[in-house]
Amino acid sequence: KAGVTQTPRYLIKTRGQQVTLSCSPISGHRSVSWYQQTPGQGLQFLFEYFSETQRNKGNFPGRFSGRQFSNSRSEMNVSTLELGDSALYLCASSFSAGGGDTQYFGPGTRLTVL
Amino acid sequence: DQQVKQNSPSLSVQEGRISILNCDYTNSMFDYFLWYKKYPAEGPTFLISISSIKDKNEDGRFTVFLNKSAKHLSLHIVPSQPGDSAVYFCAASAEGGSEKLVFGKGTKLTVNP
């Protein structure tokens, strides 16, 4: 079974621009979550989508948004990029929503903001 | 305030010996715990999990122990191999929690040949 895929793998943007990242979950998984990993903060939860609905959102500004499509694929958008948005963005999928379910991660998208 | 803490940023172990990675949590609502292994420039790889109704779960060389009263879990790797060298993250979740998974900041394990 194919794993979680993320595109693109690397991205370089400048301050003020916006960016869209894409994630395809494992086949049959309906929950997709996004995380930001930075050296100082570790992995921080951004949001979770299940059946095209955002279930939960972490403590991030409104510049971070996402959506999920009917085939469970998800996109994450960051508008008005800031230098501090440079990070590894990880997508993870699981079968069910909420806690108590193992998440499987993609390879991540490395975003660099100049 | 960190809900999941991995107090040792790094650990060095000799090949063949036991590696013990520790994790503490503060939220008593957490009921599912996982360990992930991460290599640079890759996503975390799921290793092993444990539900709060158990105190031990074993999978090959990996064993996770959960002490609910102490809000502490540990991952034992026996025997350790050089290929185990990576960053290990402890994560926790709560049914109905506001975050899907809450992660510790990781422990970098180095297994020396």
Side-chain angles (χ1 to χ4, degrees), chain A residues 3-7 9-10 21 23-26 29-50 54-60 66 68 74 87-112, chain B residues 1-10 21 23-25 27-54 57 59 62 64 66 86-108:
Chain A
V4 177
T5 58
Q6 291 186 246
T7 56
R9 290 294 311 277
Y10 302 93
L21 313 181
C23 171
S24 292
I26 291 171
H29 284 189
R30 294 167 62 196
S31 167
V32 173
S33 297
W34 290 88
Y35 295 83
Q36 181 195 65
Q37 186 186 17
T38 56
Q41 298 298 321
L43 280 101
Q44 292 186 288
F45 172 76
L46 279 155
F47 27 66
E48 179 192 11
Y49 285 88
F50 183 82
Q54 185 180 92
R55 286 195 76 252
N56 289 311
K57 190 174 183 347
N59 189 23
F60 280 83
Q68 187 180 34
S74 175
L88 181 67
Y89 289 89
L90 292 158
C91 166
S93 76
S94 61
F95 182 75
S96 57
D101 194 18
T102 300
Q103 288 194 291
Y104 297 89
F105 283 81
T109 295
R110 170 70 64 183
L111 172 64
T112 301
Chain B
D1 183 36
Q2 265 192 285
Q3 297 185 73
V4 178
K5 297 179 186 179
Q6 293 178 255
N7 292 318
S8 298
S10 62
L21 296 104
C23 178
D24 296 297
Y25 62 96
N27 188 342
S28 56
M29 298 301 293
F30 287 146
D31 55 12
Y32 189 62
F33 304 88
L34 309 91
W35 285 93
Y36 287 87
K37 171 182 175 181
K38 188 179 185 299
Y39 295 115
E42 293 184 13
T45 301
F46 169 71
L47 274 176
I48 192 167
S49 64
I50 188 166
S51 161
S52 60
I53 62 173
K54 293 187 172 183
N57 189 26
D59 184 2
F62 302 92
V64 57
L66 175 62
V87 177
Y88 288 77
F89 289 95
C90 166
S93 71
E95 190 62 44
S98 61
E99 298 183 46
K100 181 76 170 178
L101 279 179
V102 180
F103 280 86
K105 294 202 173 180
T107 296
K108 182 176 182 180

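Expressed to the nearest 0.5 Å, how far CD of B/Q2 lies from CD of A/Q41 amounts to 8.5 Å. Distance CG/A/L88 to CD/B/E42: 10.5 Å, rounded to 0.5 Å.
With sequence neighbours excluded, no residue satisfies salt bridge (charged side-chain N to carboxylate O under 4.0 Å, His left out) with A/R9. Legend: residues meeting side chain to side chain donor-acceptor pair (under 3.5 Å) with B/S52, ordered by chain and number and at least two apart, are absent.
For A/K57, the NZ atom sits in a packed shell: over 12 heavy atoms of surrounding residues, nucleotides or ligands are nearer than 6.0 Å.
For the pair B/K100/A/S94, a side-chain contact is recorded, criterion being any heavy-atom separation below 4.5 Å from C-beta on. Two residues are said to be in side-chain contact when any heavy atoms from C-beta on lie closer than 4.5 Å; A/T102 and B/Y32 meet this criterion. Annotation: side chain of A/Y35 is in contact with side chain of B/L101 (closest heavy-atom distance under 4.5 Å).
Ranked by non-hydrogen atom pairs under 4.5 Å with chain B, the options A/G58, A/A92, A/S33, A/G108 are led by A/S33.
Of the two parts of A/S96, only the backbone, made up of N, CA, C and O, holds a non-hydrogen atom closer than 4.5 Å to a non-hydrogen atom of chain B. Only the side chain of B/F89 comes within less than 4.5 Å of a heavy atom in chain A; its backbone stays farther off. With a threshold of 4.5 angstrom between heavy atoms, B/L34 approaches chain A through side-chain atoms but not through N, CA, C or O. Of the atoms belonging to A/Q37, it is side-chain heavy atoms, and not backbone ones, that fall under 4.5 Å from chain B. Proximity to chain A (any heavy atom under 4.5 Å) is restricted, for B/Y36, to the side chain, taken from C-beta onward. Residue contact with chain B, scored on non-hydrogen atoms closer than 4.5 Å, involves the side chain of A/E48 exclusively.
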